[in-house]
Amino acid sequence: MSDRELEDATTTEVRVDPPTEPGPVRGSSPAPVSGGNPEAGSQALRELLERTRLQRLAELRDSSPEPQPEDLARAAAAKAAKAERGGGRSKSRTDHLGASQRIAQKVARRTVGKLVSGTTENTQPVPIVTALKGTPYQAPVQANEPSEDEARMILDLAADIAAMMMRAGAGTSDVEVSVIAACTACGLATVEVDLTSNTLVVHYSTSDGRLLTVMRVNRGESTHFAKLASVHKLVTDLVDGRLEFHEARSRLDAIRTQRRPFPEWFTTGAWGFMVGALVLLLGGGPIAIPLGITMAIVVFQFGKLLGRTHLPSFFTTALQAASATLIATIAGDVGIIASPQYLVAAGIVLLLPTQSLYSAVQDALTNFPLTAAGRVVGVFMTLAGIVSGIALGIVCGQAIGLSHIEVLVPKTSPHVVTAILSMVAAAVVAMSGAVAMSARRRFILPAALVGLASHITMMSLTLLDVDNVLASLLAATVTGFLSRPLALRLGAPAIVLMIPGIYTLLQGLSIFTAVYQIASESENVSFAVGLSSLFTAILANAALAVGAVLGSYLALPLKNLKSQSSAEEKVEEVRSGETSTAVIDSVQPGGAKTQSSGPGGAKAQPAETGGAKPQPSGPGGTGSSEETATGPIQI
């Protein structure tokens, strides 16, 4: 509003009833009085409106970059004239205001203040860039707004990044912040992202009001942690200003064709070694370990064969659980192993929806209720398939005359050798899980470290007689607390180390024990006791996911401390340089400099990264023929 419009603005008189008697008036509204001047309230309100208008005029004049001298003179003259007309008598009238006039003045002051100041801060639209707070991309180097054609290309890039992450197994919050960070770094700071279940919609409105919308649908998941780490590194380089749009597009196309770091037979063997290490971790003997490896490979291949028939996953999981139960029961009946329950428990861990359970809890805790509800339904159906399969295997075993399994194993005192073997087994479980999920070679040892620390925590809490659910929660908190900083240091999201670390804490034995009690109901164990045990087992496994998310959030200051320590130095370094087309808010560690103004725009000097050529991701991997800043695929 200009000064002339402010000068011509009129005020509305609010008539106040004359007071009947002096003194305070009780109640929600003032009562009328019989005496007093009827013009006192209106005059006080006019004076208040006039002072507020002049104050607002002064604020607008102060906020103006170059105030005009004639505007200042006009405002000063108006202020002096108003003061001469009403200033002399306002003081005398104010001294004789009654209770009704004072209440009217207070209400008028509050109302006018709301009208002048506008809406409160809580109702203002929240910029979408605030969603990056607390993430690895919280300080993007923002380019200038691109043209419409460039904006559409940027939206396609961001949507392809999201689709690749969703298929590779990333969580919903990680996908959203990656899309926002990529768009913001390329100049689309007002983009809107709608991510629900397996559908992503990205909206953007250009400066002239044109609406651009891009949508992607994910119709299946194939866990590929190496590809997920490559996409994370690409977004990080883009946010830090080390990549132009065209370089990012080339790297993303190379990541799309990136092969797994290990051949298929190797990952299948990794699943087998994980089950064998779990048998050792639970207390199985030397014969049970190779039998567990063989059983896991057979069950895994059986599931792949059933998957080719397009059978719903519920029935596939149930048949796999039934086959694992029958194999272990037969091995125990013929006397090959003494404790078949350990074999079944390790097989259950192979079938548990660990990643889906973690993602469901993470989505529920990060304000994605619809996506979390969809994931919870999938997790519930998988657990129902496991329980049904175990019950089917038990019933079939009893029908063919197999011997009864002692599921209630008495606790034994801890031994030094047993503790050392269990720690070695926990490290092997985490390493095998990282290999089976196609993580890069450099993530295997950190995964072993996280799994070992989680197992030591769980073992210590168990020795202290801490409740099983609480111990699971605390041990998983340690897993999340260690996974986030280590993974970000290695250039990957936290889930790459978190899921292999959780495998050492999964409680398949408690699930099998509860289901066996339900299916083999006896005089000593009722159906209600078995059902209660099953609920407790599922709750303990769910506590692992909650603890992992909690530990990840507790580790946020570990990353932010380093970011804040060098952010000011980088900002000063960039601001002291030559003028560029980028707008720098703050800079993450890594020496990020200015970014191009959009696809095809001129770019200032980026930080040196060595000019490495792309390398294959592992045996049989492929790379791009072009040179990029850091290389699209590296181990």
Side-chain angles (χ1 to χ4, degrees), residues 137 140 143 146-147 149-170 174-188 191 193 198 200 202 204 212 214-261 438-440 491-493 496 595-601 603 606 609-635:
Y137 320 121
S147 62
D149 294 336
E150 294 172 342
R152 186 175 297 278
M153 295 167 62
I154 294 171
L155 291 179
D156 286 333
L157 173 68
D160 289 342
I161 288 175
M164 201 172 297
M165 293 182 66
M166 287 191 292
R167 182 167 178 78
D174 296 333
V175 175
E176 185 191 48
V177 298
S178 298
V179 173
I180 296 173
C183 292
T184 304
C186 293
L188 306 184
V191 70
V193 181
N198 61 341
L200 170 76
V202 186
Y204 177 70
L212 304 178
V214 177
M215 184 178 70
R216 294 291 187 275
V217 178
N218 179 37
R219 293 182 174 85
E221 287 188 4
S222 178
T223 305
H224 195 332
F225 282 172
K227 182 179 291 186
L228 192 60
S230 299
V231 175
H232 177 87
K233 185 65 169 62
L234 184 149
V235 177
T236 301
D237 292 342
L238 189 63
V239 167
D240 289 345
R242 292 192 289 264
L243 279 183
E244 289 183 344
F245 169 81
H246 294 293
E247 293 175 336
R249 180 80 260 182
S250 300
R251 281 180 57 173
L252 187 64
D253 293 339
I255 294 173
R256 189 190 304 275
T257 59
Q258 177 180 349
R259 294 186 179 181
R260 296 181 182 273
S438 301
R440 292 176 179 173
V496 174
Q595 146 97 346
S596 65
S597 60
K603 184 186 178 186
T609 56
K613 293 184 179 181
Q615 299 177 359
S617 60
T622 58
S624 175
S625 59
E626 300 179 0
E627 286 190 2
T628 58
T630 59
I633 307 170
Q634 294 182 356
I635 298 176

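We number each residue from 1, following the sequence as shown. The model shown is predicted, which means the values in this text are computed figures rather than measured ones.
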- request: From the options Leu234, Leu238, Val231, select the one residue that forms a side-chain contact (heavy atoms from CB on, under 4.5 Å) with Arg251.
  value: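 The residue from Leu234, Leu238, Val231 that satisfies side-chain contact (heavy atoms from CB on, under 4.5 Å) with Arg251 turns out to be Leu234.
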message: Using a 3.5 Å distance criterion without hydrogens, assess whether the side chain of Thr257 forms a donor-acceptor pair with backbone atoms of Ala254.
response: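 It does hold such a pair.
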message: Keeping Arg167 on the side-chain end and Asn218 on the backbone end, is there a donor-acceptor pair under 3.5 Å?
response: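 Pair absent, no side-chain N/O of Arg167 close to backbone of Asn218.
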Heavy atoms only: give me the nearest [X]-[Y] pair and the separation to one decimal.
{"X": "His232", "Y": "Ala492", "result": "CD2-N, 3.5 Å"}
{"X": "Pro261", "Y": "Ala439", "result": "CG-O, 3.5 Å"}
{"X": "Pro146", "Y": "Ile154", "result": "CG-CD1, 3.7 Å"}
{"X": "Gln258", "Y": "His224", "result": "O-NE2, 3.8 Å"}

How long is the straight-line distance from [atom2] of [Y] back to [atom1] of [X], given to the nearest 0.5 Å?
{"X": "Glu244", "Y": "Asp237", "atom1": "CD", "atom2": "CG", "result": "13.0 Å"}
{"X": "Tyr204", "Y": "Arg152", "atom1": "OH", "atom2": "CZ", "result": "12.0 Å"}
{"X": "Met166", "Y": "Leu228", "atom1": "CE", "atom2": "CG", "result": "12.0 Å"}
{"X": "Glu150", "Y": "Leu188", "atom1": "CD", "atom2": "CG", "result": "9.5 Å"}
{"X": "Ser438", "Y": "Arg260", "atom1": "OG", "atom2": "CZ", "result": "4.0 Å"}
{"X": "Phe225", "Y": "Ser230", "atom1": "CZ", "atom2": "OG", "result": "13.0 Å"}

- request: List the steps, then state whether side-chain contact (heavy atoms from CB on, under 4.5 Å) holds for Arg242 with Thr236.
  value: CA-CA 9 Å; Arg242 292 192 289 264; Thr236 301; 4.3 Å; yes
query: Tell me, do Leu155 and Val191 make a side-chain contact under 4.5 Å, heavy atoms counted?
result: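 The answer is yes; the side chains approach within 4.5 Å.
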field: side chain to side chain contact (heavy atoms under 4.5 Å, CB included) involving Ala162 - partner list, sequence neighbours excluded
entry: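 With neighbours one apart ignored, the set is Val175, Val179, Leu200.
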- prompt: Restricting to pairs with a member in residues 153-163, which pass salt bridge (Lys or Arg N to Asp or Glu O under 4.0 Å), not counting sequence neighbours?
  reply: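 Output for this query lists Asp156-Arg216, Asp160-Arg216, Asp160-Arg249, Asp160-Arg256.
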